[in-house]
> 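Can you keep this structure in mind? I'll have questions shortly.
Just so it is clear: chains get the letters A, B, ... in the order the sequence lines come, proteins before strands, and each one is counted from 1.
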Number of protein chains: 2
Amino acid sequence: MHKSRLGTLVIDCHSEDLDADTGFWARVFGCEVERRDKPGDDAYRALATPDSDPKLLVQRVSHASRVHLDIETDDIEAEVQRLEKLGAVRLERVRGWWVMQATSGHRFCVVNPQRPDFEDHANRWS
Amino acid sequence: MHKSRLGTLVIDCHSEDLDADTGFWARVFGCEVERRDKPGDDAYRALATPDSDPKLLVQRVSHASRVHLDIETDDIEAEVQRLEKLGAVRLERVRGWWVMQATSGHRFCVVNPQRPDFEDHANRWS
């Protein structure tokens, strides 16, 4: 048995000023910008959403601006295999997570749990 | 004073089989597909998410597949003007809502309230 659900909306920005774009989205949604002090996180800014909401992440990318979805799970390999059976395709492993492509053409990621209430509210798959 | 917040994630599908693509996303998120019997709604399928979550809508589009965000508000004109002050631009009025473009290049919509707990949990702007 493993669990998964929608974890994060990632606002991919083809941006020369990530802080300006993050500020725009923070004001749109009335959120504070969380500090990201971890090494390697310079391409990311997190917005402080309520604990029960999906996370909102702003990311600097080299491709065109878009929005992608992250699916959070307590077993990445089991979740990727479940999604493959639905027709999704593995594209690339990045650090610990997988980038996949949906049957509808959308790219999305399968990542570790992000939201604090994951344990209680994720879908259970057996 | 008016209110707004993130209302809906719209999964835009460049699709020849909208029901198949809707089925894929419904199984990804463990949701039922809601019936859409209203005239003019043949391009849309709603997924039955918990009341406290953003809505998930699958839409047939003629452009490339992508995800866009809908902002729900009790005063569309006031919200559009607020967003214009942040740098967003009006693109097109469609029926009752507005399509806008963010400073980061993303297109999004400003629509009527969609989620049942809008009144209690939306941001208040004065």
> State, to 0.1 Å, how close B:Trp125 and A:Gly30 come at their nearest heavy-atom pair, and which atoms those are.
CH2-CA, 3.6 Å

> Where on A:Arg27 is there a heavy atom nearer than 4.5 Å to chain B: the side chain, the backbone, both, or neither?
both

> Quick check on B:His2: does its NE2 atom have over 12 non-hydrogen neighbours (other residues, nucleotides or ligands) under 6.0 Å away?
yes

> Let me confirm one number: the OG1-CH2 distance from B:Thr103 to A:Trp25, rounded to the nearest 0.5 Å.
8.0 Å

> Contact part of B:Ile71 toward chain A, heavy-atom cut-off under 4.5 Å: side chain, backbone, both or neither?
side chain

> Work out which heavy atom in B:Val28 is nearest to a heavy atom in A:Arg82; give both atom names and the distance.
O-NH2, 2.8 Å

> So which heavy atom on B:Phe29 is nearest to which on A:Leu69, and how close?
CZ-CD1, 4.0 Å

> May I ask whether A:Phe108 and A:Val94 are part of the same hydrophobic cluster, defined by side-chain heavy atoms of I, L, V, M, F, W, Y residues being less than 4.5 angstrom apart, directly or through others?
no

> I'd like to know if A:Leu57 and A:Trp97 are part of one continuous hydrophobic network [Ile/Leu/Val/Met/Phe/Trp/Tyr, side-chain heavy atoms within less than 4.5 Å].
yes

> With the 4.5 Å side-chain cut-off for hydrophobic clustering, are B:Val33 and B:Leu56 part of the same group?
yes

> For B:His106 and A:Asp12, work out which heavy atoms get closest and say how close.
NE2-O, 2.8 Å

> Can you give me the closest heavy-atom contact between A:Ser65 and B:Ser104, atom names plus distance?
OG-O, 2.8 Å

> Are B:Val10 and B:Phe24 joined in one hydrophobic group, where the rule is that I, L, V, M, F, W and Y side chains link up if heavy atoms are under 4.5 Å apart?
no

> Hydrophobic cluster membership, with links at side-chain heavy-atom distances under 4.5 Å among I/L/V/M/F/W/Y: are B:Met100 and B:Leu86 in one?
yes

> Is A:Ala122 close to chain B through its backbone or its side chain, or both, or neither, when contacts mean heavy atoms under 4.5 Å?
neither

> Under a 4.5 Å cut-off applied to non-hydrogen side-chain atoms, are A:Leu6 and B:Asp53 in contact?
no

> With a 4.5 angstrom heavy-atom cut-off, is it the side chain or the backbone of B:Pro50 that approaches chain A, or both, or neither?
neither

> Check each atom of A:Ile11 against the heavy atoms of chain B and say whether the ones under 4.5 Å are side chain, backbone, both or neither.
both

> Can you tell which of B:Ala102, B:Gly105, B:Ser15 has the highest number of heavy-atom pairs within less than 4.5 Å of chain A?
B:Ala102

> So what's closer than 4.5 Å to chain A heavy atoms on B:Ala88: side chain, backbone, both or neither?
both

